[in-house]
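Report on the structure given below.
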There are 4 protein chains.
Amino acid sequence: MQSRTPAGRTGRPRSAAADAAILAATRQALVELGWSRLTLGDVATRAGVAKTTLYRRWAGKHELVVDAVAELFDELELPDSGSLSADIEGVVLQFAAILARPEAKSGLMAAVAESTRDDALRERVRTSIVERQKRLVMEGRSRAQSRGELPPEPDPAEAARTADLIFDMVAGAVVHRTLVSGQPADEEWVRSFTRVLLQGLASA
Amino acid sequence: MQSRTPAGRTGRPRSAAADAAILAATRQALVELGWSRLTLGDVATRAGVAKTTLYRRWAGKHELVVDAVAELFDELELPDSGSLSADIEGVVLQFAAILARPEAKSGLMAAVAESTRDDALRERVRTSIVERQKRLVMEGRSRAQSRGELPPEPDPAEAARTADLIFDMVAGAVVHRTLVSGQPADEEWVRSFTRVLLQGLASA
Amino acid sequence: MQSRTPAGRTGRPRSAAADAAILAATRQALVELGWSRLTLGDVATRAGVAKTTLYRRWAGKHELVVDAVAELFDELELPDSGSLSADIEGVVLQFAAILARPEAKSGLMAAVAESTRDDALRERVRTSIVERQKRLVMEGRSRAQSRGELPPEPDPAEAARTADLIFDMVAGAVVHRTLVSGQPADEEWVRSFTRVLLQGLASA
Amino acid sequence: MQSRTPAGRTGRPRSAAADAAILAATRQALVELGWSRLTLGDVATRAGVAKTTLYRRWAGKHELVVDAVAELFDELELPDSGSLSADIEGVVLQFAAILARPEAKSGLMAAVAESTRDDALRERVRTSIVERQKRLVMEGRSRAQSRGELPPEPDPAEAARTADLIFDMVAGAVVHRTLVSGQPADEEWVRSFTRVLLQGLASA
DNA sequence: CATTAATCGAGACGGTACGTCAGGTCTTCCA
DNA sequence: TGGAAGACCTGACGTACCGTCTCGATTAATG
């Protein structure tokens with residue numbers, strides 16, 4: 001997001017409704033067209049807004065799509081199911097459900113692809129999506145620790161590194177399963193994945 | 001790849017050298033420009049080839065890039081280091097090294113993004129890259145089983161499912177670490193990752 | 001010509017300067033390259049205009065060239081030299097001078113060639129060039145009639161037919177002499193032509 | 001093309017047949033497509049000939065079309081109708097009939113257009129078509145002179161100039177009427193034209 | 001309540017790349 | 001050894017989308 005009348009206070013203020021309409025139109029266009037066929041002119045038309053209005057708020061296609069997709073992940077919630085493995089299975093299933101939606105799939109990967117060349121975009125992806133959802137790992141781990149399922153972390157730096165690792169393993173596995181292997185991350189798969197994650201390969 | 005004079009035997013045959021030149025030029029352009037700024041006209045020029053020659057062999061940018069990138073992964077080899085964890089660390093480091101190369105990064109993710117909408121492209125990604133490298137998992141597991149580090153698989157279907165799971169976990173984690181989190185998959189990270197993969201989260 | 005914001009009054013209006021620049025660039029390109037080597041991309045570049053601007057106003061090469069060439073003929077004027085034969089000689093010489101210019105020659109014939117297959121184009125040629133210059137025949141005849149050099153026309157329909165015939169004979173002869181026979185329509189030729197036209201073959 | 005020549009020994013047994021087939025295919029393509037949409041590849045296909053064969057015999061599209069069209073005019077004949085005006089009317093009607101055929105129209109004018117920039121092509125048009133048909137003027141005039149309808153020419157140079165003038169006037173008028181004005185050169189028009197040509201404008 | 005200044009929809013603009021097509025040239029194999 | 005088949009390079013085509021720029025017309029907040 002990047003509206004809010006910048007500094008000066010005079011003049012007509014930006015329409016708040018336009019932001020929402022544009023993001024919704026972007027998601028709709030992602031569903032119907034996918035990333036590569038989505039055009040900003042079309043998004044503007046769908047949102048009932050002029051292209052100018054769109055460009056006044058977002059720098060380009062990638063930024064807009066990241067914002068439109070990021071909102072989808074905010075509905076993720078860590079269920080309190082009483083055990084670590086059930087917690088993980090629950091959140092992974094939610095994550096998989098979001099990734100299965102067409103408006104998330106292609107937009108997200110395209111943004112990641114472009115972010116390999118565009119530092120500002122990578123930062124935007126990180127702060128809008130990755131860091132924001134890392135909360136789930138932190139919370140799940142602290143619950144598991146208070147339940148005694150996981151040992152406490154003595155070193156905070158080490159704790160952060162481990163959280164990053166877990167996030168990369170969880171998110172990476174689901175994304176790869178869904179988008180690259182093209183298989184559904186269904187309950188059976190999620191159970192197998194969680195078992196390996198918690199108990200290691202030897203358990204498989 | 002898709003050259004080789006298809007069926008008829010008449011007429012001038014397709015230049016074998018052109019294929020190689022085009023794929024090399026594609027990788028070079030990926031390094032210099034990244035996916036989004038790469039144009040087929042520019043690739044053709046770099047390869048010393050007419051645009052029409054390029055279009056005669058590949059249907060579009062995505063197909064071309066998948067083929068150009070797929071070749072990179074063929075250099076992966078499973079080291080025989082004597083232990084499963086060392087084998088995994090070795091191959092993951094190799095995989096990370098390839099993914100760190102600019103010609104692999106953005107091209108691969110862009111193809112994955114597009115493949116969410118294009119079944120033929122997803123199939124191409126799967127057969128050219130995913131299935132082809134799954135050999136590493138199969139071979140590593142069978143070695144570990146003969147060493148007694150992993151139990152034998154009684155059910156072949158289950159064995160295949162597990163191989164898929166492992167591949168998704170390994171490839172997914174490295175890709176996510178490298179491209180989404182934007183952090184290097186260095187030796188330290190690979191050691192931590194391998195430990196969790198083999199022994200589970202509780203060991204972390 | 002076909003600019004002027006059509007009906008709606010919103011949006012940025014079309015640049016009036018662009019029209020003039022494009023037509024001038026077209027004539028310049030005709031001089032330097034001739035019809036067959038003239039490209040719309042080159043014309044756009046010369047005019048300092050994007051190709052899309054050009055295509056927004058003209059449907060294609062033929063239409064553009066007809067408009068560019070038509071302007072040349074607007075400078076034709078019927079001299080009032082006191083006698084019908086002198087009037088004819090004067091205007092035919094002017095016509096020949098225009099046709100001798102390289103920007104008129106090849107463009108005009110190419111448009112005529114294409115117009116044999118394209119009714120809209122033929123209509124454009126007729127209204128932009130032929131009908132517009134037929135005024136010279138009408139005016140010249142009426143002057144000659146008031147001088148008593150030609151009998152008055154009793155029937156208006158017959159008068160129109162005769163005007164058409166005269167125009168075809170004059171324009172056709174000059175065009176054929178200049179472009180097909182490849183000889184200059186100089187003063188001597190114009191005198192001979194005018195004598196035959198006025199007095200018939202027997203006088204030659 | 002499938003000519004006999006059993007034990008192909010000498011030069012080019014198919015050559016003659018190929019020439020005719022190519023020219024016929026060219027005319028057929030002109031009828032169906034017109035000049036601008038006619039392609040040499042298509043002509044070769046229609047003629048059952050390889051593009052190579054075609055280019056071995058003609059330098060390009062213009063040359064080929066000139067030759068294909070020139071043949072059409074060879075069927076022109078000067079009728080011996082007993083009077084100059086009837087002779088003229090007869091041959092002009094024949095000429096108009098040829099020009100009305102679609103394979104003549106656009107091909108001829110396109111060649112003329114290009115010949116304004118290409119001296120070799122102009123020469124080819126002149127020798128293949130213009131000079132070849134000028135025979136009709138010479139013969140018609142000499143007949144009229146022997147009938148006493150036209151005075152004899154004392155000066156041969158002047159005679160040649162006059163023949164050129166007449167040819168330009170006749171051919172030019174018919175071409176202009178047919179192609180530019182887009183009106184048929186029918187019997188009525190031909191009568192009017194012939195009267196003006198023979199007796200001058202004042203007679204109209 | 002008038003002024004002011006930034007907003008809005010609309011759409012033309014300069015660019016750049018697209019994917020296609022035709023013109024001619026060349027290579028290969030066959031008869 | 002000529003010819004068909006067809007790949008090749010070149011260069012223009014007409015289109016699409018990008019992101020910018022004018023327009024005239026709205027809107028609040030300010031004065």
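In the text below, chain A, chain B and the rest are named by the order of the sequence lines, each starting its count at 1. The shown structure was predicted, so the numbers you read here are calculated from the model rather than taken from an experiment.
Considering only residues two or more places apart in sequence or on other chains, B:Thr45 meets the side-chain contact (heavy atoms from CB on, under 4.5 Å) condition with none of them. In this structure, A:Arg37 has no salt bridge (charged side-chain N to carboxylate O under 4.0 Å, His left out) partners at least two apart in sequence or on a different chain. With sequence neighbours excluded, the residues satisfying salt bridge (charged side-chain N to carboxylate O under 4.0 Å, His left out) with A:Arg101 are A:Glu75, A:Glu103.
Residue A:Arg57 places at least one side-chain N or O closer than 4.0 Å to OP1 or OP2 of E:dC8. Checking the phosphate oxygens (OP1, OP2) of F:dG3, a side-chain nitrogen or oxygen of D:Arg56 falls inside 4.0 Å. Remark: A:Thr53 is in phosphate contact with E:dG9, judged by side-chain N or O atoms under 4.0 Å from OP1 or OP2. For the pair A:Arg14 and E:dA6, the criterion of a side-chain N or O lying under 4.0 Å from OP1 or OP2 is not met.
Within the 3.5 Å criterion, the main-chain N or O of B:Ala113 finds a donor-acceptor partner in the side chain of B:Thr116.
Taking atom CD1 on C:Ile22 and atom P on E:dA12, their separation rounds to 14 Å, with Å as the unit. Regarding A:Leu33, its CG atom lies at a distance of 15 Å from the P atom of F:dA16, rounded to whole Å. Rounded to a whole Å, the CG atom of B:Leu54 is 13 Å from the C1' atom of F:dC9. The interatomic distance linking C:Leu64 (CG) with F:dC13 (C1') rounds to 15 Å, in whole Å.
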Using atom names, set out every protein N or O paired with an N or O of nucleotides 21-25 of chain E below 3.5 Å, distance rounded to 0.1 Å.
residue, atom, partner, partner atom, Å
E:dG23, OP2, D:Leu40, N, 2.9
E:dG24, OP2, D:Tyr55, OH, 3.1
E:dG24, N7, D:Lys51, NZ, 3.1
E:dG24, O6, D:Lys51, NZ, 2.9

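The stretch residues 20-34 of chain D participates, sequence neighbours left out, in these side-chain hydrogen bond (donor to acceptor under 3.5 Å, both in side chains) pairs: D:Arg27-D:Glu71, D:Gln28-D:Glu32, D:Glu32-D:Arg46. For residues 106-121 of chain C, every residue pair satisfying the salt bridge (Lys or Arg N to Asp or Glu O under 4.0 Å) rule, not counting sequence neighbours, is listed here: C:Asp119-C:Arg122.
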